Protein chains: 4
Amino acid sequence: MSNSYGTLFKITTFGESHGLSVGVVVDGCPAGLEITAGEIQRELDRRRPGQSNITTQRKEEDEIIILSGIYENKTTGTPIAMMVNNKNQAGKDYSHLEHAFRPSHADYTYTTKYGLRDHRGGGRSSARETLARVAAGAIANKYLKAQNIQIASYVSAVGPIELKENYAALDLSLIDSNKIRCPEPATAETMIKLVEETRKNRDTVGGVITCVIKGLPVGLGEPAFDKLHAELGKAMLSINAVKGFEYGSGFAGTKMFGSEHNDEFYTDENGKIRTRTNYSGGIQGGISNGEDVYFKVAFKPVATILQPQTSINDTGESITLEGKGRHDPCVLPRAVPIVDAMAALVIIDFLLRQKAVR
Amino acid sequence: MSNSYGTLFKITTFGESHGLSVGVVVDGCPAGLEITAGEIQRELDRRRPGQSNITTQRKEEDEIIILSGIYENKTTGTPIAMMVNNKNQAGKDYSHLEHAFRPSHADYTYTTKYGLRDHRGGGRSSARETLARVAAGAIANKYLKAQNIQIASYVSAVGPIELKENYAALDLSLIDSNKIRCPEPATAETMIKLVEETRKNRDTVGGVITCVIKGLPVGLGEPAFDKLHAELGKAMLSINAVKGFEYGSGFAGTKMFGSEHNDEFYTDENGKIRTRTNYSGGIQGGISNGEDVYFKVAFKPVATILQPQTSINDTGESITLEGKGRHDPCVLPRAVPIVDAMAALVIIDFLLRQKAVR
Amino acid sequence: MSNSYGTLFKITTFGESHGLSVGVVVDGCPAGLEITAGEIQRELDRRRPGQSNITTQRKEEDEIIILSGIYENKTTGTPIAMMVNNKNQAGKDYSHLEHAFRPSHADYTYTTKYGLRDHRGGGRSSARETLARVAAGAIANKYLKAQNIQIASYVSAVGPIELKENYAALDLSLIDSNKIRCPEPATAETMIKLVEETRKNRDTVGGVITCVIKGLPVGLGEPAFDKLHAELGKAMLSINAVKGFEYGSGFAGTKMFGSEHNDEFYTDENGKIRTRTNYSGGIQGGISNGEDVYFKVAFKPVATILQPQTSINDTGESITLEGKGRHDPCVLPRAVPIVDAMAALVIIDFLLRQKAVR
Amino acid sequence: MSNSYGTLFKITTFGESHGLSVGVVVDGCPAGLEITAGEIQRELDRRRPGQSNITTQRKEEDEIIILSGIYENKTTGTPIAMMVNNKNQAGKDYSHLEHAFRPSHADYTYTTKYGLRDHRGGGRSSARETLARVAAGAIANKYLKAQNIQIASYVSAVGPIELKENYAALDLSLIDSNKIRCPEPATAETMIKLVEETRKNRDTVGGVITCVIKGLPVGLGEPAFDKLHAELGKAMLSINAVKGFEYGSGFAGTKMFGSEHNDEFYTDENGKIRTRTNYSGGIQGGISNGEDVYFKVAFKPVATILQPQTSINDTGESITLEGKGRHDPCVLPRAVPIVDAMAALVIIDFLLRQKAVR
């Protein structure tokens, strides 16, 4: 139980990798928002397998079907159910994995937790679940854009290759200009090369996604437990393969002295209250302060590798496994729209919560 | 709104730094748990100001008062309300801060969010709120210990001084043996020196707390959104001054290849399923796998420094501020019991959720 | 927002009367429960239109499609999504209702609340939403039956015709033996006659459903706000057309003295604690006491009548409306499985909540 | 677990009858609301024991203490904790009840549910818990009055004596003009006589409270499960001793035909949309339609009677019990402010929820 996220703008996802479909119910979306299936599809396409040679080559259409809650391209205030039918899996044989516990996958924990599992393609633990989030996030994002809130995520590290530039020095309109989704072309190229090499080595590699949120009003986030960054952290950590989250100065900030780290307030030429630095990451006391919110999300290397690995089966016997077929050597480029979506879901929820009391 | 945490074991905290009292209501604690005020007080004492020369010298007794829910030293299943009366603040003059926005504090964001604020001692944004969490966590921890679940947190970095040893190489019984709460004596001494120096410089310094949870059964944590590490992350990020969270291999894991990072399963001599490495940090697919859970929490340097700083007041005019009185040069040693408490609150909630369905 | 019900066994419904489909996501169902589509279909068939001459003659198949969460006829612990595609509406013309506010319907309130509405067949306010509840309830009921908990609902009044017998004097196996679903054949016949007459008069009539829950363990229900009867009340009042709820002695009990109303405790021949009377309706202090739980649910007459009525349109102008087509003259027989379902959803949720803490 | 009520304006109550104190935390109250302790005390005084010869003669001051969340008589947006210390119980001997299961009380169910209980004065199951609701309701009501929403509750039946007049025919300003809180003086007198007689007979008697809510905007209430009347029903049924709830035409409406029951819409002389009758009770499709909301709440006779009764103890042995001391012969007059409070809590929560999305 916990397939729901959000307090007022609440999503509930469902579906397994190889069941009939994967979908989501969005409850609490304000009525009257104009949105087309095409706008949702666009985000799904950014997450779709097979979009380039550095992602999995599985061909999945992932075509969105809107079941309810949108009438004549407007949200009606009633629950918006959407789903994508699973195709291209029919007849595929997963019987060799029925009793296997793949290393660093959720096979063992699901089986122990539930007493049984749908093993086909990872079942519910498959990252395929995230397409439901992307669909819901597309709706949230449409709402936010109308309020001049912009969310942009990009790949800032692949393995040891780190983008040197801070987000402020980048042209974020270039994110989708290359297949790794890093807005700095030279670094992007190096990253892509590493991924291609990794793929040739039948291996996988991790990385970092940076997300920037601009245009937030002052006052979003709720003390004490639902601080803005605490919810962002939870939302990001709930994405498959995520191992860490930091915002503002993050872990590096722990090495600073208070006299360096404090963000000095001033009033700018338009009478707006600003800070000269932004180690706070746009959040103070858990509440947005009007500066850019930015954070980093750490992704581990994908667990499925095309190499033989020793593991055990569900009776505890030693087995040898070897990933087959088409898998992602690096999940980062396809994870960018997922980070976008989860960020949008967090922000819209806080926006509505704040509207309720002011 | 959000002064509550937990699904089944739910706490709601209340109170401002300089109001009548700070407290907590614990709802959902199983009945029949033996617990004394002394056991709760012991944890509060670990968090108490004035416990050493490297923490604030404010003298606060922080004496726990149990208002309800515990009868003859046993929980009754009804809500447990506890509070600590605020003393030692009477007559203190905070008028110089009434209109000031202190740098990297929550003065500006609270004032904008709510339209007004109780400015005395930071009001609700004060870390004094965390004593309510520590009291609740003491109850949770008592329950967990009876199930052989051990939680241990310690300071693993202060500023640039990092403890080199992995938790497994440390004697965790030494955590409280020194005032910085680092279980490695030599490193502890260096850390303490840095904090003392920082205090002399009228400055503050950040650091990192590592937490280890041993003895978890397999199966805790809920896909998709309430993954075990996602809730741990949220809980930690909700603590004042926290800027980052990582578990298992964390950010360092992003630089690894899948072939290095995967944790190989095997069956040990007792027939127990184990992994040879633990980059997963005891969690796979958001669910505990029986290995140790470990994570790191990044704390920024305390914002209040005893140096003059430029800022603005609530009409936007430039002012100069200077911290006065007794403040923590480094929040880390006092934050250790807070991390312990939040970890306990996360784990007990998942334990109860799992009991519900199995 | 509020298309979800339940704390641990949580359902979220979606869909409009004339959208693509109506469905439900069940989150929190224990894993390993055996359930077939046929078992769910059976309950849907009890709710289906067109099942007799005293219900609407619309022909709807209402065939359940299981999208996720059930694998090889066992629940997997992951969310169970189910839906029914809407058929038989294609091409139907609802344009005469697009701007009309039908008397005692939700047209006016939806339009004002949301600023727009899907007017076709009542949209989201249609009782068609309840099929989602019946599907979810069928799963809950399967779980409860395995624990020897039996839920039985029946029609105890239609208009002024009231069943005289108390539930204990009835043979509840006869509920489905007639089309009005009243287990006393003679009364059933009178009721049916009244409904048939009402239909001829192009009118509608209300009534009462009684529900009995046998086999509950002692201890279900949560003080203070989630008392067992409070949740039952909310669940019943959330069904379309319900106007009242009473349990145990109900409104009649208000006329009694305490000396009459108190239920005397005794220990029966098997050493079981019992009460000699059951004015408490099986619930004391909001918690089940092991006696039968019973309650009554009041249904108003259906608002759609096949007679001309004066109303207004969305610009406030006076109009004349007349219901057309095939409608229920009395909703009671089709509401019986809905009451069953909601009762099951309430009980399973409390069962799981109780398991969590004991 | 369930000592909380509300989605956005959320209260959590705590405390046992004879513990240190009974209190409440209100989370989510909008900031800037002016409220004094005196305004809260006024409502507590309406609920206070000993206010007249027809209520219990226990002398309890029930003095409100505001612990947090209100600064200089304004809410700050942070949690408002309030409590009343329990007095007058010291030294009282409850040992004769330690092992007894009083008829129609919660002694047996609590003991079985939790495995133990605080037996003194009913512990947590005591209606003393409701003072926490009244304190919270006073704050909610202050907010509602500022929006021209008026809530008025009154005693409409005591035992068989029923107030004949509909609420619209009554002068609701007279509610507090007599000690039974019935606004029709002649009926009030008859009711009072019955209560006095009942008290002389060492017995107790039930009754009905009617509540009217005027001034609601159109659009409050949430389909599908959190319908306005469903939440009102739950809130009322969660009050001690309540056995039933009906709104609008209620149970009587089940005997009507649709052609009689439908509320005809029209546009009044001010261009406002109204209905000619109000069988709907101001709610259509679960959403307020701008007409008066009205409902009835059934209270059973108090279980504690000053007569010998046969019961059992916790080992199942037969015992004889006899209520002692000062008890309410009729809970109705003191329940009026509780109904007011719960109604206010329901309405403010829906108001805030509606603000969030419009």
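To find a chain, count down the sequence lines: A is the first, B the second, and so on, and within it residues start at 1. Not measured: the values here are computed from a predicted model.
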Give, as side chain, backbone, both or neither, the part of [X] having an atom under 4.5 angstrom from any heavy atom of chain C.
X         : value
Arg202(D) : neither
Tyr279(D) : backbone
Gln354(D) : side chain
Val302(D) : backbone
Val357(D) : neither

Flag side-chain contact, heavy atom, 4.5 Å: [X] against [Y]:
X         : Y         : value
Phe245(D) : His229(C) : no
Phe257(C) : Pro301(D) : no
Tyr110(D) : Pro223(C) : yes

Subject >> Residue that, paired with Tyr108(D), satisfies side-chain contact (heavy atoms from CB on, under 4.5 Å) out of Thr275(C), Ile287(C), Ile273(C) >> reply: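 Answer to the side-chain contact (heavy atoms from CB on, under 4.5 Å) test with Tyr108(D) among Thr275(C), Ile287(C), Ile273(C): Ile273(C).
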
Return the option, out of [options], with the maximum number of heavy-atom pairs under 4.5 Å with chain D.
options                                    : result
Glu129(C), Arg358(C), Glu264(C)            : Arg358(C)
Ser249(C), Gly281(C), Gly271(C)            : Ser249(C)
Val297(C), Ile305(C), Leu237(C), Thr254(C) : Thr254(C)
Gly233(C), Ala157(C), Gly207(C), Ser125(C) : Gly207(C)
Gly316(C), Cys330(C), Gly250(C)            : Gly250(C)
Glu231(C), Arg276(C), Arg124(C)            : Glu231(C)

Counting only heavy atoms closer than 4.5 Å, note whether [X] contacts chain D via side chain, backbone, both or neither.
X         : value
Ala224(C) : both
Glu260(C) : neither
Ser280(C) : both

Subject >> Aromatic Phe251(C) / basic Lys243(D) pairing, under 6.0 angstrom, 45° off normal >> reply: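 Not flagged: Lys243(D) not positioned over aromatic ring of Phe251(C).
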
Quick check on the interface: out of [options], who has the most heavy-atom pairs with chain C under 4.5 Å?
options                                    : answer
Val208(D), Thr310(D), Asp107(D)            : Thr310(D)
Met236(D), Lys255(D), Met256(D)            : Lys255(D)
Ala241(D), Gly253(D), Gly219(D), Ala235(D) : Gly219(D)
Pro217(D), Gly248(D), Gly115(D)            : Gly115(D)
Ala106(D), Gly285(D), Pro160(D), Gly258(D) : Gly258(D)

Any donor-acceptor pair under 3.5 Å linking the side chain of [X] with the backbone of [Y]?
X         : Y         : result
Lys227(C) : Ser238(D) : yes
Lys113(C) : Gly221(D) : yes
Asp263(C) : Ser104(D) : no
Asp203(C) : Ser259(D) : yes
Ser2(D)   : Glu222(C) : yes
Lys300(C) : Asn262(D) : no

Subject >> Phe225(D) to Lys234(C) - nearest heavy-atom pair and separation >> reply: O-CE, 3.4 Å

Subject >> Interatomic distance, Phe265(C) atom CZ to His105(D) atom NE2 [nearest 0.5 angstrom] >> reply: 10.0 Å

**OP:** Examine the side chains of Thr109(C) and Asn289(D) and answer whether a donor and an acceptor come within less than 3.5 Å of each other.
**Re:** no

**OP:** Answer yes when Lys296(C) and Glu246(D) have at least one side-chain N-carboxylate O distance shorter than 4.0 Å, and no when they do not.
**Re:** no

